[in-house]
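Below: one structure, written as structure tokens.
We use all heavy atoms of the structure for the numbers below, so side chains are in, but hydrogens, waters and symmetry mates are not. We're numbering straight along the sequence, starting at 1.
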Amino acid sequence: MPASRFSVVICAYTADRLEQIKEAAGSVRAAGRDAEIILVVDHNPALYKLLVAELPGVTVTENAEAPGLSGARNTGVALAQGEIVAFLDDDAAAEPGWLEHLETAYADPDVTGVGGLTVPRWETSKPGWFPEEFYWVIGCNYLGMPASGQRVRNLIGANMSFRREAFQIAGGFRSDMGRTASGRPLGCEETEFCIRLGQRSPGAVLTTEYRAVARHLVPASRCRPGYFLSRCFAEGVSKARVSTMVGSDDGLSAERSYTTRTLPLGVLRGLGGALRGDAAGLGRAGAIVAGLAATVAGYAAGQLARVRSLRDKTDKPDIIMVKSS
């Protein structure tokens, strides 16, 4: 297999993460393959100029689409020359062998996309109350996900890859979804993309290879209950939009077993830990209940906003232009 088989897209938007961005690019260089690295800067000319100077040998480009992560990813895909396009967050670092391990899963010709194992790299220390079932809040693999090598509905955006033809089949990431530099931390653009890919190509297989590890920075600001609940609410809003776009059957297929099996077991584990003397176990159980409640509230808010939007369009009177004589 040629060394240029991979193109790795990293999207950046703020100079506050300069050291993390440089670390992410450096980790790809050390990840076991001489991959093409494309660093897309999201509408920040000063950061673009800085990274051009700081990262020789890396293709640094500006987001050519709408501001936000989706547009930046699409810009990177359009420039990519590799057979496989991988994505790594700008505050994540790939472990040695990352690309090599991803590559092994593509030996199966039916495999269209492969996700790795994204683990948290705590800036301070892990809060005792933070449940592993909610690691998706910090962009990491969470307790309750399928085992490595199993087929999955969607991949986690911080550490994922696709064959180039996936974008020819499904198109790009939707620019009306995903994170932007400001506003509520909405997401799920990769979830919607993966579901759309599966709907257009039912034979496309998405799977995981947990030997392909990336460590995702979790700053202290994301270890607070306020951020936790805000992110859960935003996830609910995002899931409502995904369900509207792809249908609730596909849009909520993974969430049904997660809410009916994974979370109740997590509550029991937390309570059991508290009974055995782990005081933080009660906090984890409470966080699971509160996180689920916030997510459901966000989903309801998203659905209500959709109903209101449809009603406003229906109630809007037709405007008849009358030409004066």
Using side chain to side chain donor-acceptor pair (under 3.5 Å), reason through T262 and Y142 one step at a time and then give a plain yes or no. CA-CA 10 Å; T262 300; Y142 54 89; over 6 Å; no
(message) What verdict does the side chain to side chain contact (heavy atoms under 4.5 Å, CB included) test give for V137 and E235, after you've listed the backbone C-alpha separation in whole Å, the side-chain angles of each residue and the deciding distance to 0.1 Å?
(response) CA-CA 8 Å; V137 167; E235 183 75 4; over 6 Å; no
query = Apart from L143 itself, what residues make up its hydrophobic cluster when side-chain heavy atoms of I, L, V, M, F, W and Y under 4.5 Å apart count as a link, directly or indirectly?
reply =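 In the cluster with L143 there is nothing else; it is isolated.
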Where the side chain of [X] meets the backbone of [Y], is there a donor-acceptor pair that is under 3.5 Å apart?
{"X": "T207", "Y": "Q150", "result": "yes"}
{"X": "Q199", "Y": "V246", "result": "yes"}
{"X": "H43", "Y": "Y13", "result": "no"}
{"X": "Y106", "Y": "V114", "result": "yes"}
{"X": "D42", "Y": "G68", "result": "yes"}
{"X": "R200", "Y": "A170", "result": "yes"}

Q) Could R276 and D278 be called an ion pair, given the rule that one side-chain N must be under 4.0 Å from one carboxylate O? A)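 Salt bridge absent between R276 and D278.
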| request: On the 0 to 90° scale, with breaks at 30° and 60°, tag the F134-F228 ring pair as parallel, tilted or perpendicular. | output: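 Rings of F134 and F228: tilted, as their planes differ by 30° to 60°.
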Item to check | Sequence neighbours excluded - salt bridge (Lys or Arg N to Asp or Glu O under 4.0 Å) pairs with any residue from residues 7-23 | outcome: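 Residue pairs with at least one partner in residues 7-23: R17-D90, R17-D91, E19-K22, K22-E54, E23-R121.
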Note to self: Looking at R224, I want to see if its CZ is surrounded by more than 12 non-hydrogen atoms of other residues, nucleotides or ligands under 6.0 Å.
What the structure shows: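 Not more than 12 within 6.0 Å, no.
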Same cluster or not: [X] versus [Y], using hydrophobic residues (I, L, V, M, F, W, Y) connected whenever any side-chain heavy atoms lie under 4.5 Å apart?
{"X": "V9", "Y": "L206", "answer": "yes"}
{"X": "L99", "Y": "V58", "answer": "yes"}
{"X": "Y227", "Y": "W136", "answer": "yes"}
{"X": "W122", "Y": "L117", "answer": "yes"}

- request: Can you run down the ring-ring contact (aromatic ring centres under 6.0 Å, His included) pairs that involve residues 190-214, sequence neighbours left out, and say none if there aren't any?
  value: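 Output for this query lists F162-F193, F167-F193, F173-F193.
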Gap between atom [atom2] of [Y] and atom [atom1] of [X] - 0.5 Å precision:
{"X": "R153", "Y": "L197", "atom1": "CZ", "atom2": "CG", "result": "13.0 Å"}
{"X": "E133", "Y": "R269", "atom1": "CD", "atom2": "CZ", "result": "5.0 Å"}
{"X": "L88", "Y": "N159", "atom1": "CG", "atom2": "CG", "result": "6.5 Å"}

*Can you check whether W98 reaches S27 side chain to side chain, under 4.5 Å on heavy atoms?*
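Not in contact.
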